[in-house]
Amino acid sequence: MHTELLFRDDAYLQTASAQVTGVSERGIELDRSIFYPLGGGQLGDTGFLLRENGEKITIADTRKGDAQDHILHIPAPGMPQPEAGETLSLHLDWARRYALMRLHTALHVMSCVVVAPVTGGNISPDKGRLDFDIDMALLDSAKIETGTNELIARAVETETVWITDEELDARPELVKTMSVQPPRGAGRVRLLKIPGIDLQPCGGTHVKNIAEIGGIRVVKIRSEGKRNKRVEIILAPA
């Protein structure tokens with residue numbers, strides 16, 4: 001069952017209403033959702049669904065279903081189950097999501113400071129990291145931190161750009177991440193554009209202006225193998 005991805009058009013939506021289209025041991029399916037599913041290194045959203053009778057269904061995770069744009073909302077153990085056709089109020093754990101958005105956008109900016117193929121990445125609410133295929137001697141935490149924060153200080157507005165699968169095939173340089181290929185199958189691919197800084201495929205959630213990141217700190221650089229040099233960051237304290 002197709003889910004209308006409300007977060008794709010507005011990552012700042014914190015509440016919405018939706019109708020239950022299915023319930024199974026895998027999770028709750030809705031006709032529309034503000035919950036981002038695990039993907040592209042970004043963790044799935046959490047929060048709760050509120051029934052009309054006042055019952056709260058805590059959502060512990062969000063995952064992709066079997067079909068394109070199909071989302072499964074996974075309840076915490078012991079939660080009541082809604083019924084198909086029921087209308088629910090959706091409530092996002094906004095503090096957690098916003099931290100993910102800031103860190104995810106920060107990693108895009110950092111990927112323009114460390115110029116090397118990206119071999120992996122992960123974003124959690126408290127930290128983010130990218131793995132690079134680069135010589136360890138070329139990674140300097142102070143330079144990466146300063147360079148990334150200087151770009152963030154430009155306070156550039158982010159943009160969503162859509163191109164066709166064929167256009168992406170003709171521009172392979174846009175794909176920086178070797179381990180995660182852009183989602184295909186819908187005929188078009190979503191790109192995050194940070195004018196003058198970065199342009200690359202990404203289906204994740206991001207801040208409207210990179211100034212919202214505030215700043216980052218590089219907390220760890222280590223080798224994870226011959227082709228994986230990991231740079232781990234956190235958001236700088238306000």
Side-chain angles (χ1 to χ4, degrees), residues 5-16 33-48 59-62 90-114 118 120-132 139 141-161 176-177 179-180 182-183 190-221 230-238:
L5 309 181
L6 300 177
F7 58 80
R8 183 173 283 172
D9 294 320
D10 186 357
Y12 289 77
L13 279 176
Q14 300 178 43
T15 61
S33 183
I34 56 176
F35 287 74
Y36 177 83
L38 171 73
Q42 180 174 327
L43 293 181
D45 282 328
T46 62
F48 66 91
I59 298 300
D61 197 3
T62 309
L90 285 55
H91 298 263
L92 200 62
D93 183 338
W94 174 245
R96 181 179 181 277
R97 156 70 86 74
Y98 192 52
L100 289 166
M101 287 166 60
R102 292 169 67 200
L103 278 164
H104 198 156
T105 310
L107 291 179
H108 277 249
V109 177
M110 187 179 75
S111 74
C112 300
V113 176
V114 181
V118 176
N122 184 263
I123 309 107
S124 62
D126 60 335
K127 61 185 177 182
R129 53 97 171 163
L130 287 178
D131 296 342
F132 297 95
L139 294 175
S141 59
K143 289 182 178 179
I144 296 170
E145 187 174 306
T146 299
T148 302
N149 287 331
E150 285 177 350
L151 290 177
I152 291 170
R154 293 186 188 178
V156 176
E157 296 278 333
T158 64
E159 302 173 14
T160 296
V161 179
K176 293 183 179 181
T177 305
S179 61
V180 180
R190 183 173 181 259
L191 281 70
L192 177 73
K193 181 178 182 180
I194 308 175
I197 298 175
D198 189 39
L199 176 65
Q200 63 176 296
C202 188
T205 56
H206 297 276
V207 293
K208 292 178 180 177
N209 189 303
I210 60 174
E212 294 176 52
I213 299 167
I216 62 102
R217 284 179 51 205
V218 175
V219 292
K220 190 177 296 182
I221 295 178
R230 181 163 297 175
V231 181
E232 190 173 287
I233 67 170
I234 61 171
L235 296 170

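Not one N or O on the side chain of Asp93 forms a donor-acceptor pair closer than 3.5 Å with the backbone of Asp45. Judged by distance alone, with hydrogens and angles left aside, the side-chain atoms of Arg102 form no donor-acceptor pair with the main-chain N or O of Val207 at under 3.5 Å. Although no hydrogens or angles enter the test, the distance criterion places a donor-acceptor pair under 3.5 Å between the side chain of Arg190 and the main chain of Gly204. Here the side chain of Arg97 pairs a donor or acceptor atom with the backbone of Ala11 at under 3.5 angstrom. Remark: side-chain polar atoms of Asn122 are not paired, donor with acceptor, to backbone N or O of Arg129 under 3.5 angstrom. A donor-acceptor contact shorter than 3.5 Å is absent between the side chain of Glu150 and the backbone of Gly147. Of the possible donor and acceptor atoms, none in the side chain of Tyr36 sits under 3.5 Å from a partner among the backbone N and O of Gln42. The backbone N or O of Val218 sits less than 3.5 Å from a side-chain atom of Glu145, completing a donor-acceptor pair. Listed for the Thr146 side chain is no donor-acceptor partner under 3.5 Å among the backbone atoms of Lys143.
The aromatic rings of His91 and Phe48 sit parallel to each other, their planes meeting at less than 30°, with 60° as the upper class boundary. Using the six-membered ring where Trp is involved, Trp94 and Tyr98 have ring planes that are parallel, under 30° apart on the 30 and 60° scheme.
Annotation for Leu43 and Leu100: closest pair O-CD1, 4.1 Å, computed over non-hydrogen atoms. In terms of heavy-atom proximity, Leu92 sits nearest to Leu13 at CD2-O, 3.7 Å. Taking all atoms of both residues into account, the shortest heavy-atom contact from Gln14 to Ile34 is O-CD1, 3.3 Å. Annotation for Thr148 and Ala106: closest pair CG2-O, 4.3 Å, computed over non-hydrogen atoms. The two residues Asn149 and Ile216 have their closest heavy-atom pair at OD1-N, 2.8 Å. Scanning both residues, Ala99 and Pro125, for their nearest heavy atoms gives CB-O, 3.4 Å.
For Arg96, the CZ atom sits in a packed shell: over 12 heavy atoms of surrounding residues, nucleotides or ligands are nearer than 6.0 Å.
The line from CG of Asn209 to CD1 of Ile194 is 10.0 Å long, rounded to the nearest 0.5 Å. Rounding to the nearest 0.5 angstrom, the gap separating the CD1 atom in Ile213 from the CG atom in Leu151 is 9.5 Å. Between atom CD1 of residue Ile152 and atom CE of residue Met110 there is a gap of 10.0 Å, rounded to the nearest 0.5 Å. The CD1 atom of Ile234 sits 4.5 Å away from the CZ atom of Arg217 when rounded to the nearest 0.5 Å. The distance from the CG atom of Leu192 to the CG atom of Asp198 is 7.0 Å, given to the nearest 0.5 Å. Remark: Leu107 CG to Glu232 CD distance equals 10.5 Å, nearest 0.5 Å.
Val114 has its side chain out of reach of Leu130: every pair of non-hydrogen atoms, C-beta onward, lies at least 4.5 Å apart.
By the side chain to side chain donor-acceptor pair (under 3.5 Å) test, Arg8 pairs with Asp69, sequence neighbours left out. Residues satisfying the salt bridge (charged side-chain N to carboxylate O under 4.0 Å, His left out) test with Asp61, not counting sequence neighbours, are Arg63.
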*asked:* The test is side chain to side chain contact (heavy atoms under 4.5 Å, CB included); show your working for Lys127 and Val219 and say whether it passes.
replied: CA-CA 9 Å; Lys127 61 185 177 182; Val219 292; 5.9 Å; no
*Give the C-alpha distance, both sets of side-chain angles, the deciding distance and a yes or no for side chain to side chain contact (heavy atoms under 4.5 Å, CB included) between Ile221 and Ile144.*
CA-CA 10 Å; Ile221 295 178; Ile144 296 170; 4.0 Å; yes
